[in-house]
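In what follows, a single structure is set out as structure tokens and then discussed.
Just so you know, residue 1 is the first one in the sequence shown, and it goes up from there. Only heavy atoms go into these numbers, but all of them, side chains included; no hydrogens, no water, no symmetry mates.
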Amino acid sequence: MNTYIKNIAAFCWGLGLLVVFCVLTSCTKDDHSGSMNVGGACLVESFELNGQYTATISTEKRLIKVKVPVDFAQKGDMKITALKVSAGAQANFKVGDHINMEGARTLRVTNGDAVMEYQISVRNDEAQLKLFYLEGIKGSINQADKTVTISVMGNSGIDLSSATFEAEVSEDAVCSPASGTKGNFTEPFLLTVKDNTAETTYTVNVTLIQAPEAIFVGEAESIDGLNDEEKAAAKWLTGNVIGSAYLSWRDIQDGVIPLDKVRLVFFHRHCPSYGNYNGFADAETGAMAALPKMKELYKNGVGFVLQRSAVNYAIALGVQPEDSYPNNVWGGNGEGSDLMGAEPWTYLVADPAHALWKNLKRSPGLGDDRIITLDEGYTICNTTSQFGFWGDYPNKEAVEAKTGGRVLGGDGNVSSWELKNAEGNYGKGGIICIGSGVFDWNSPTPYTSNYHDNMGQIILNALDYVGKAE
């Protein structure tokens, strides 16, 4: 009996050592690569192509970046002339190999059980201006003729002889004068972007406008006072539609800016959604105070685009019945909500041939009745004001009958619709209401724009469709 107990104790002691050993060895697993991490056993210490293009290596990002001249066109056949990895390690490429670098390649380094993969990327020098802001006003960049056009209201108070600008340029490039400094914009302003062998000079032209043709309206005194979602929408308009401007409701109420040339009013309101029209009217004091002038614009044939909670403004204008406010609303979750994966949400449109949906980039895997406005990695705030199919709205026909409008789209609901102009017709001078959270302007997370550019195209379509005739 004693021998049996001793054997059991010895077995348990040995098992304990095995558990400890397994725990210790499991702690050396590299969660990123899924293999054992033995320090620097799988490092890439140097990498060179064609005997002259030395790579910049980021172990943290697993990235091997090789820069080549701006006019280099032989990426299809490049020779590895230097490759050094950690002692004892092996790689799937070797010195002397010819590789096609038209696209990214994977360098796999192994050392025993340890594995690490790097992405090899060959990039031409690039000197491109991506974004330009003058005192917070977004400029419109024309890459073909290398110009930047900025529309500034005559009463903006900006000292153009010494105004601060911000510039975003292509990776690895720098600009001169430096971003964040001041410049004289009373005359054409030259901005040079340089990246090794690439150099581009842009001419910045500032246009003073006294009477805007398109306006974004909001509660804040300036664009920078808006929340991030509204700010992104306002900056898109002022940076992409020549002759557009941001105006506060106070500006409109006080009549400080002539509105006789306005063709389109863009009102995008991101806030906690209101459960009924009275909640909207009580909270949006600035918009309601400016209502007489807004009604006058509508009567004179000016078109409106209303997004998110702003769809209630159609009721304020007297174009939609007061008891026909959206019955399915939510929001108020700031700038962070749903993160898009590899297959972003899509949006079902009622009529793919409608003018609002023309010239959009469409996914080849979807039908013409579905559009995408989001991208992988994009995070939407998802504030929504739409009609759910229940109660007084069992179907889209009931929504049309109740609102007096026409359905534009929605999945199992109505989240975009249009209303007639003062003459009783659709089109010029009408109102576009978009209550869906899918139509989002700002992402707090980084993403590569592919389908998000559709957002701007929709606004351009609306300008052509409901904008006042020139």
Side-chain angles (χ1 to χ4, degrees), residues 131-140 150-160 163-166 208-241 243-259 262 264-274 279-294 297 302 304-313 316-317 331-336 380-381 383 385 434-435 437 439-444 455-456 459:
L131 290 172
F132 189 90
Y133 292 98
L134 181 65
E135 297 286 355
I137 303 174
K138 184 180 178 182
S140 176
I150 303 175
S151 299
V152 176
M153 293 299 299
N155 69 333
S156 66
I158 297 175
D159 179 6
L160 293 178
T164 301
F165 71 91
E166 295 179 12
L208 287 174
I209 55 176
Q210 303 300 329
E213 295 185 25
I215 58 174
F216 186 99
V217 287
E219 191 68 37
E221 292 184 5
S222 66
I223 288 180
D224 286 337
L226 300 171
N227 60 52
D228 289 343
E229 171 67 18
E230 296 170 12
K231 185 188 302 181
K235 285 188 173 182
W236 183 91
L237 185 74
T238 58
N240 292 277
V241 176
S244 62
Y246 172 80
L247 295 181
S248 70
W249 293 116
R250 173 61 66 180
D251 291 334
I252 293 171
Q253 186 181 356
D254 292 346
V256 297
I257 300 295
L259 302 178
V262 171
L264 182 77
V265 175
F266 185 11
F267 181 19
H268 176 61
R269 185 73 175 102
H270 168 60
C271 64
S273 297
Y274 304 107
F280 172 84
D282 290 342
E284 301 296 330
T285 55
M288 300 305 287
L291 196 54
K293 294 197 174 181
M294 290 292 100
L297 290 179
V302 173
F304 283 72
V305 173
L306 308 175
Q307 287 191 332
R308 298 277 174 83
S309 296
V311 298
N312 288 282
Y313 206 53
L317 290 168
N333 50 3
E335 295 297 328
I380 65 173
C381 46
T383 300
S385 294
I434 301 177
F439 295 91
D440 194 275
W441 289 96
N442 177 71
S443 173
M455 288 290 296
I459 299 301

*Under the 3.5 angstrom rule, does the side chain of Asp440 hit a backbone N or O of Cys381 as a donor-acceptor pair?*
yes

Q) Backbone N or O of Gly136 within a donor-acceptor pair of the Asp224 side chain at under 3.5 Å? A) no

Between the CD atom in Gln307 and the OG atom in Ser309, the distance rounded to the nearest 0.5 Å is 11.5 Å

Heavy atoms of Ala234 and Leu226 approach each other most closely as CB-CD1, 4.0 Å

- prompt: Is there side-chain contact between Ile137 and Ile158, with heavy atoms separated by less than 4.5 Å?
  reply: yes

To the nearest 0.5 Å, atom OG1 of Thr238 lies from atom CD1 of Ile223 at 4.0 Å

Checklist entry - Glu135 side chain to Thr164 main-chain N or O, any donor-acceptor pair under 3.5 Å? => result yes

- Main-chain N/O of Leu306 paired to Tyr313 side chain as donor or acceptor, under 3.5 Å: no

TODO: Using a 4.5 Å cut-off on heavy atoms from C-beta on, say whether the side chain of Met153 contacts that of Ile209.
DONE: yes

Is a donor on one side and an acceptor on the other found under 3.5 Å between the side chain of Glu229 and the backbone of Trp441?
yes

Next on the checklist: Please evaluate residues Cys271 and Glu284 with respect to the criterion side-chain contact (heavy atoms from CB on, under 4.5 Å), reporting the C-alpha separation (whole Å), side-chain torsions for both, the decisive distance (0.1 Å), and the verdict.
Outcome noted: CA-CA 11 Å; Cys271 64; Glu284 301 296 330; 4.2 Å; yes

Q. With under 30° as parallel and over 60° as perpendicular, where do the rings of Phe267 and Trp249 fit, or are they tilted in between?
A. perpendicular

Correct closest heavy-atom pair for Gly243 and Ser151 would be N-OG, 3.4 Å

Asp254 meets the salt bridge (charged side-chain N to carboxylate O under 4.0 Å, His left out) criterion, sequence neighbours left out, with Arg250

Taken to the nearest 0.5 Å, the spacing of His270 NE2 from Thr383 OG1 works out to 4.0 Å

Subject >> Side chain to side chain, Leu291 and Leu317, heavy atoms closer than 4.5 Å >> reply: yes

Between the CH2 atom in Trp236 and the CD1 atom in Ile459, the distance rounded to the nearest 0.5 Å is 6.5 Å

Yes or no on side-chain contact (heavy atoms from CB on, under 4.5 Å) for Leu134 and Leu160, after CA distance, side-chain angles and deciding distance?
-> CA-CA 9 Å; Leu134 181 65; Leu160 293 178; 4.1 Å; yes

Close side-chain approach of Val241 and Leu264, heavy atoms under 4.5 Å:
no

Residues Phe132, Ile150; criterion side-chain contact (heavy atoms from CB on, under 4.5 Å); working and verdict = CA-CA 9 Å; Phe132 189 90; Ile150 303 175; 3.6 Å; yes

Between Ser244 and Leu237, is there a donor-acceptor pair closer than 3.5 Å when you use the side chain of the first and the backbone of the second? yes

(Q) Under the criterion side-chain contact (heavy atoms from CB on, under 4.5 Å), I'd like the reasoning laid out for Ile215 against Ile252: C-alpha separation, chi angles, the key distance, then a yes or no. (A) CA-CA 10 Å; Ile215 58 174; Ile252 293 171; 4.3 Å; yes

Smallest heavy-atom separation, Ile257 atom then Pro212 atom, equals CG2-CD, 3.5 Å

One should read off an interatomic distance between Met288 CE and Asp282 CG, to the nearest 0.5 angstrom, of 8.5 Å

Heavy-atom nearest pair, Glu219 first then Thr285, reads OE2-OG1, 4.5 Å

Only residue of Arg269, Lys235, His268 satisfying side chain to side chain donor-acceptor pair (under 3.5 Å) with Glu230 is Arg269

